[in-house]
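Heavy atoms only: backbone and side chains are in, while hydrogens, waters and symmetry mates are out. Just so you know, these numbers come straight off a predicted model, no measurement behind them.
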Amino acid sequence: FNPCRAMAQHPTIWGKTRTIFTVLRCINTRAVCAKFFTTENEEVRMARRAAGATVDSGTGVRSTPTIFSRILSREIPAKIIHEDDKCIAFHDVNPVSAVHFLVIPRKPIPMLSKALDEDTELLGHLLQVARKLAEKQELKDGYRIVINNGQDGSQSVYHLHLHVMGGRQFGWPPG
């Protein structure tokens, strides 16, 4: 029995006593009772807005340029730490750790779930670049690589990108 799920499915049958029990139970089990207890943060709002942007149905690419395509074309400056014929890497403008950089492909893949089988080599290259740059950034004690995919994954820029973060202990589970 999951009280969080039950409450979400039948909110009208729960009285105050049961609601308090459910909140405590959810906290103890670390279950997510999103419908009742979470607030929408800025990252979620950005993801919702980005998910609603116009996308070409044939290519799956946004009809308006993303911030990353504008960085690639040099319309927007970035602190670039790596560049080759397949990808570019630069420091995140809103870092969440001492070291936080992004690795993005030059090819405009909107999200991981839109990657094709022919992109396998490119995807491997992105991970190898992330690994090598993490080593150059002296992340000896470890690092986290994150790929947000789609609205529920809080993807706010629809151009595939890897977040590489390190320099501190991360908690588990993420999110």
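Each of V93 and I76 belongs to its own hydrophobic cluster when Ile, Leu, Val, Met, Phe, Trp and Tyr are linked at side-chain heavy-atom distances under 4.5 angstrom. One hydrophobic cluster, built from ILVMFWY side chains closer than 4.5 Å, holds both L162 and I81. Under a hydrophobic clustering in which Ile, Leu, Val, Met, Phe, Trp and Tyr are joined whenever their side-chain heavy atoms come within less than 4.5 Å, directly or via other members, F170 and V146 fall into the same cluster. Follow the hydrophobic side-chain contacts under 4.5 Å out from L127 and you reach L133 in the same cluster. Under a hydrophobic clustering in which Ile, Leu, Val, Met, Phe, Trp and Tyr are joined whenever their side-chain heavy atoms come within less than 4.5 Å, directly or via other members, V96 and Y143 fall into different clusters.
Within a 6.0 Å sphere centred on CD of E75, heavy atoms belonging to other residues, nucleotides or ligands number more than 12. For E135, the CD atom is loosely surrounded, since the number of other residues' heavy atoms within 6.0 Å does not exceed 12.
Taking the side chain as every heavy atom from C-beta outward, I145 and V103 never approach each other to under 4.5 Å. V157 places none of its side-chain heavy atoms less than 4.5 Å from the side chain of I104. Side-chain contact check for R144 versus P174: some heavy-atom pair is nearer than 4.5 Å. With a 4.5 Å cut-off on side-chain heavy atoms, I80 and R74 count as touching. L102 is listed as a side-chain neighbour of H163, based on a closest heavy-atom distance under 4.5 Å.
Contact record, P95 with H100: CA-ND1, 3.4 Å, taken as the closest heavy-atom pair. Taking each heavy atom of L123 and A115 in turn, the nearest pair found is CD1-CB, 4.1 Å. In terms of heavy-atom proximity, P105 sits nearest to L122 at CB-CD2, 3.8 Å. When all heavy atoms of G150 and M111 are compared, the pair lying nearest together is N-SD, 4.0 Å. Considering every non-hydrogen atom in both L139 and G167, the closest pair reads CD2-N, 3.6 Å.
Summarising the geometry, atom CG belonging to L72 is positioned 8.5 Å from atom CD belonging to E83; distances are rounded to the nearest 0.5 Å. Residue D119 holds its CG atom at 4.0 Å from CD1 of I109, rounded to the nearest 0.5 Å. Distance check: E118 CD to K107 NZ gives 4.5 Å after rounding to the nearest 0.5 Å. Separation of atoms CG (L160) and CG (N148) is listed at 10.5 Å; rounding is to 0.5 Å. The distance from atom SG of C87 to atom NE2 of H161, rounded to the nearest 0.5 Å, is 14.0 Å. Here L126 contributes atom CG and R131 contributes atom CZ; the two are 13.5 Å apart, rounded to the nearest 0.5 Å.
Q155 contributes a side-chain N or O that, together with a main-chain N or O of P110, makes up a donor-acceptor pair within less than 3.5 Å. A donor-acceptor pair under 3.5 Å links the side-chain atoms of R106 to the main chain of D84, judged by distance alone. With N149 contributing its side chain and S113 its backbone, the two residues share a donor-acceptor pair below 3.5 Å.
The aromatic rings of F101 and H91 lie perpendicular to each other, with more than 60° between the two planes, well past the 30° mark. A perpendicular orientation is assigned to the rings of H159 and F68, their planes being inclined by more than 60° (bins at 30° and 60°).
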